[in-house]
Amino acid sequence: MTDREIVQGLIDRDEEVTREFFFVRCRPLFCSIMRFVFSYEVDYDEFVGELYCYLMENDAARLRQFAYRSSVYQWVKVLAIRFFIKKRDRVIEDRSREPLYEKSEGELCESESAVAARMDMERLLERMGNERYQWVIRRLVLEGAEPESVAL
(Lines give C-alpha, C1' and ligand atoms only; values in the text may rest on other atoms or scores of the structure.)
Protein backbone atom coordinates (compact mmCIF):
# COMPACT_ATOMS: atom_id res chain seq x y z
CA MET A 1 0.00 0.00 0.00
CA THR A 2 1.13 3.52 -0.69
CA ASP A 3 1.12 6.25 1.93
CA ARG A 4 -1.93 7.82 0.28
CA GLU A 5 -3.82 4.51 0.38
CA ILE A 6 -2.92 4.01 4.04
CA VAL A 7 -3.97 7.52 5.07
CA GLN A 8 -7.19 7.35 3.05
CA GLY A 9 -7.98 3.90 4.46
CA LEU A 10 -7.50 5.21 7.99
CA ILE A 11 -9.66 8.27 7.28
CA ASP A 12 -12.34 6.00 5.79
CA ARG A 13 -12.07 3.82 8.91
CA ASP A 14 -11.26 0.77 6.79
CA GLU A 15 -10.93 -1.99 9.38
CA GLU A 16 -8.41 -4.04 7.37
CA VAL A 17 -6.13 -1.06 6.67
CA THR A 18 -6.35 0.08 10.31
CA ARG A 19 -5.52 -3.36 11.70
CA GLU A 20 -2.66 -3.88 9.23
CA PHE A 21 -1.18 -0.43 9.91
CA PHE A 22 -1.44 -0.29 13.71
CA PHE A 23 -1.09 -3.94 14.67
CA VAL A 24 1.26 -5.33 12.02
CA ARG A 25 3.34 -2.72 10.21
CA CYS A 26 3.75 -0.21 13.07
CA ARG A 27 3.86 -2.69 15.94
CA PRO A 28 7.68 -2.88 16.15
CA LEU A 29 7.91 0.91 15.86
CA PHE A 30 5.32 1.56 18.58
CA CYS A 31 6.79 -1.09 20.89
CA SER A 32 10.20 0.54 20.52
CA ILE A 33 8.76 3.99 21.24
CA MET A 34 6.90 2.70 24.29
CA ARG A 35 10.04 1.06 25.69
CA PHE A 36 11.92 4.32 25.13
CA VAL A 37 9.28 6.65 26.60
CA PHE A 38 7.98 4.59 29.53
CA SER A 39 10.10 3.17 32.33
CA TYR A 40 7.38 0.65 33.06
CA GLU A 41 5.42 -1.86 31.01
CA VAL A 42 2.39 -0.50 29.17
CA ASP A 43 -0.43 -2.31 27.41
CA TYR A 44 0.14 -2.09 23.65
CA ASP A 45 -3.53 -2.38 22.66
CA GLU A 46 -4.64 0.26 25.15
CA PHE A 47 -2.03 2.86 24.25
CA VAL A 48 -2.28 2.31 20.50
CA GLY A 49 -6.07 2.52 20.83
CA GLU A 50 -5.65 5.90 22.50
CA LEU A 51 -3.24 7.01 19.76
CA TYR A 52 -5.80 5.91 17.15
CA CYS A 53 -8.54 7.92 18.89
CA TYR A 54 -6.20 10.91 19.00
CA LEU A 55 -5.60 10.64 15.24
CA MET A 56 -9.30 10.22 14.48
CA GLU A 57 -10.54 13.17 16.59
CA ASN A 58 -12.54 15.83 14.74
CA ASP A 59 -13.16 13.67 11.69
CA ALA A 60 -9.49 12.58 11.43
CA ALA A 61 -8.24 16.18 11.32
CA ARG A 62 -4.65 15.19 12.20
CA LEU A 63 -4.53 12.58 9.45
CA ARG A 64 -5.92 15.06 6.97
CA GLN A 65 -3.06 17.43 7.88
CA PHE A 66 -0.45 14.89 6.72
CA ALA A 67 1.26 16.65 3.78
CA TYR A 68 3.20 13.67 2.28
CA ARG A 69 6.55 15.45 2.69
CA SER A 70 7.85 12.36 4.50
CA SER A 71 6.68 8.78 4.71
CA VAL A 72 3.56 8.13 6.75
CA TYR A 73 5.71 5.96 9.05
CA GLN A 74 8.16 8.78 9.77
CA TRP A 75 5.27 11.17 10.38
CA VAL A 76 3.44 8.78 12.73
CA LYS A 77 6.72 8.07 14.55
CA VAL A 78 7.16 11.73 15.48
CA LEU A 79 3.48 12.09 16.32
CA ALA A 80 3.51 8.92 18.47
CA ILE A 81 6.62 9.96 20.40
CA ARG A 82 5.06 13.33 21.24
CA PHE A 83 1.72 11.71 22.11
CA PHE A 84 3.26 9.07 24.39
CA ILE A 85 5.50 11.62 26.14
CA LYS A 86 2.46 13.80 26.90
CA LYS A 87 0.63 10.69 28.10
CA ARG A 88 3.55 9.69 30.34
CA ASP A 89 3.79 13.15 31.87
CA ARG A 90 0.09 13.12 32.80
CA VAL A 91 0.23 9.72 34.53
CA ILE A 92 0.68 9.69 38.27
CA GLU A 93 3.85 7.82 39.04
CA ASP A 94 3.47 4.83 41.33
CA ARG A 95 6.61 4.59 43.43
CA SER A 96 5.33 1.74 45.59
CA ARG A 97 6.75 -1.01 43.34
CA GLU A 98 3.85 -3.19 44.41
CA PRO A 99 1.80 -4.83 41.66
CA LEU A 100 -1.82 -3.82 41.29
CA TYR A 101 -2.72 -7.50 41.38
CA GLU A 102 -0.93 -10.76 41.96
CA LYS A 103 0.08 -12.64 38.83
CA SER A 104 -0.06 -16.38 39.06
CA GLU A 105 2.95 -18.31 37.78
CA GLY A 106 1.01 -19.54 34.77
CA GLU A 107 -0.11 -16.05 33.79
CA LEU A 108 2.48 -14.50 31.51
CA CYS A 109 2.12 -11.65 29.07
CA GLU A 110 2.22 -12.64 25.44
CA SER A 111 5.48 -11.75 23.78
CA GLU A 112 5.55 -9.72 20.60
CA SER A 113 6.46 -12.82 18.58
CA ALA A 114 3.55 -14.77 20.07
CA VAL A 115 1.15 -11.98 19.13
CA ALA A 116 2.62 -11.82 15.63
CA ALA A 117 2.27 -15.60 15.30
CA ARG A 118 -1.36 -15.42 16.43
CA MET A 119 -2.06 -12.69 13.87
CA ASP A 120 -0.36 -14.73 11.13
CA MET A 121 -2.50 -17.72 12.06
CA GLU A 122 -5.66 -15.60 11.91
CA ARG A 123 -4.64 -14.30 8.47
CA LEU A 124 -4.08 -17.86 7.22
CA LEU A 125 -7.39 -19.02 8.63
CA GLU A 126 -9.20 -16.17 6.90
CA ARG A 127 -7.79 -17.38 3.57
CA MET A 128 -9.20 -20.89 4.03
CA GLY A 129 -12.28 -21.49 1.93
CA ASN A 130 -14.12 -23.76 4.33
CA GLU A 131 -15.59 -21.80 7.26
CA ARG A 132 -16.19 -24.95 9.30
CA TYR A 133 -12.48 -25.86 9.08
CA GLN A 134 -11.61 -22.32 10.14
CA TRP A 135 -13.88 -22.58 13.16
CA VAL A 136 -12.57 -26.03 14.18
CA ILE A 137 -8.91 -25.05 13.86
CA ARG A 138 -9.48 -21.76 15.68
CA ARG A 139 -11.23 -23.54 18.59
CA LEU A 140 -8.68 -26.37 18.86
CA VAL A 141 -5.41 -24.56 18.21
CA LEU A 142 -5.91 -20.93 19.19
CA GLU A 143 -8.46 -21.26 21.96
CA GLY A 144 -7.23 -24.61 23.31
CA ALA A 145 -10.68 -26.20 23.42
CA GLU A 146 -11.02 -29.90 24.09
CA PRO A 147 -11.75 -32.01 20.97
CA GLU A 148 -14.84 -33.45 22.66
CA SER A 149 -16.39 -30.03 23.13
CA VAL A 150 -15.60 -29.02 19.54
CA ALA A 151 -17.09 -32.24 18.17
CA LEU A 152 -20.51 -31.46 19.66
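For clarity, every value in this text was computed on a predicted model and none was experimentally measured.
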Would you find more than 12 non-hydrogen atoms of other residues, nucleotides or ligands less than 6.0 Å from E57 atom CD?
yes

Side chains of L79 and L55: does their closest heavy-atom pair fall under 4.5 Å?
yes

The reported gap from CG in L63 to CG in N58 (rounded to nearest 0.5 angstrom) is 12.0 Å

Which heavy atom of L140 sits nearest to which heavy atom of A145, and what is that distance?
CD2-O, 3.7 Å

What are the two closest heavy atoms between V17 and L10, and how far apart are they?
CG1-N, 4.1 Å

Does the pair Y68 and F66 meet the rule for a ring-ring contact (aromatic ring centres under 6.0 Å, His included), with working shown?
CA-CA 6 Å; Y68 301 97; F66 178 58; 4.6 Å; yes

Residue set satisfying salt bridge (Lys or Arg N to Asp or Glu O under 4.0 Å) with E46, at least two apart, ordered chain then number -> none

Side chain proximity check, W135 to E131, heavy atoms < 4.5 angstrom
no

Counting neighbours of OH on Y133 that are heavy atoms of other residues, nucleotides or ligands and sit closer than 6.0 Å, is the number greater than 12?
no

Atom pair CZ (F23) and CG (D45), whose distance is rounded to the nearest 0.5 Å:
5.0 Å

How long is the gap from CZ on R88 to CZ on F36, to the nearest 0.5 Å?
8.5 Å

Sequence neighbours excluded, which residues qualify as salt bridge (Lys or Arg N to Asp or Glu O under 4.0 Å) partners of D43?
none

Group every Ile, Leu, Val, Met, Phe, Trp and Tyr by side-chain heavy-atom contacts under 4.5 Å, then state whether I85 and Y40 land in the same group.
yes

Could you walk me through whether I11 and R64 pass side chain to side chain contact (heavy atoms under 4.5 Å, CB included), step by step?
CA-CA 8 Å; I11 290 171; R64 293 176 195 281; 3.2 Å; yes

Would you say that R27 contacts V48 through its side chain, given a criterion of any heavy-atom pair below 4.5 Å between the two side chains?
no

Given side-chain hydrogen bond (donor to acceptor under 3.5 Å, both in side chains), test N130 with Q134 step by step and report yes or no.
CA-CA 6 Å; N130 189 317; Q134 288 178 18; over 6 Å; no

Quick one: does D3's side chain get under 4.5 Å of W75's, heavy atoms only?
no

Here's a test for you: under side chain to side chain contact (heavy atoms under 4.5 Å, CB included), which of F38, F47, F84 qualifies with I33?
F84

I want to check something: taking the side chain as every heavy atom from C-beta on, are C26 and K77 in contact at a cut-off of under 4.5 Å?
no

Hey, does F21 have a side-chain heavy atom less than 4.5 Å from the side chain of V76?
yes

Take I6 and E20, measure what side chain to side chain contact (heavy atoms under 4.5 Å, CB included) needs, and give me the verdict at the end.
CA-CA 9 Å; I6 291 169; E20 177 75 16; over 6 Å; no

Output for pair (T2 OG1, Q8 CD), nearest 0.5 Å, gives 10.0 Å

Would you please name every residue forming a salt bridge (Lys or Arg N to Asp or Glu O under 4.0 Å) with R13, sequence neighbours left out?
none

Start with the C-alpha distance between S149 and R139, add both sets of side-chain angles, then the distance that settles side chain to side chain contact (heavy atoms under 4.5 Å, CB included), and finish with yes or no.
CA-CA 9 Å; S149 68; R139 293 276 296 140; 4.0 Å; yes

Could you check whether any side-chain heavy atom of E50 comes within less than 4.5 Å of a side-chain heavy atom of F83, counting everything from C-beta outward?
yes

Is any side-chain heavy atom of E41 closer than 4.5 Å to a side-chain heavy atom of M34?
no

Taking everything shown except R4 itself, do over 12 heavy atoms lie less than 6.0 Å from its CZ?
no

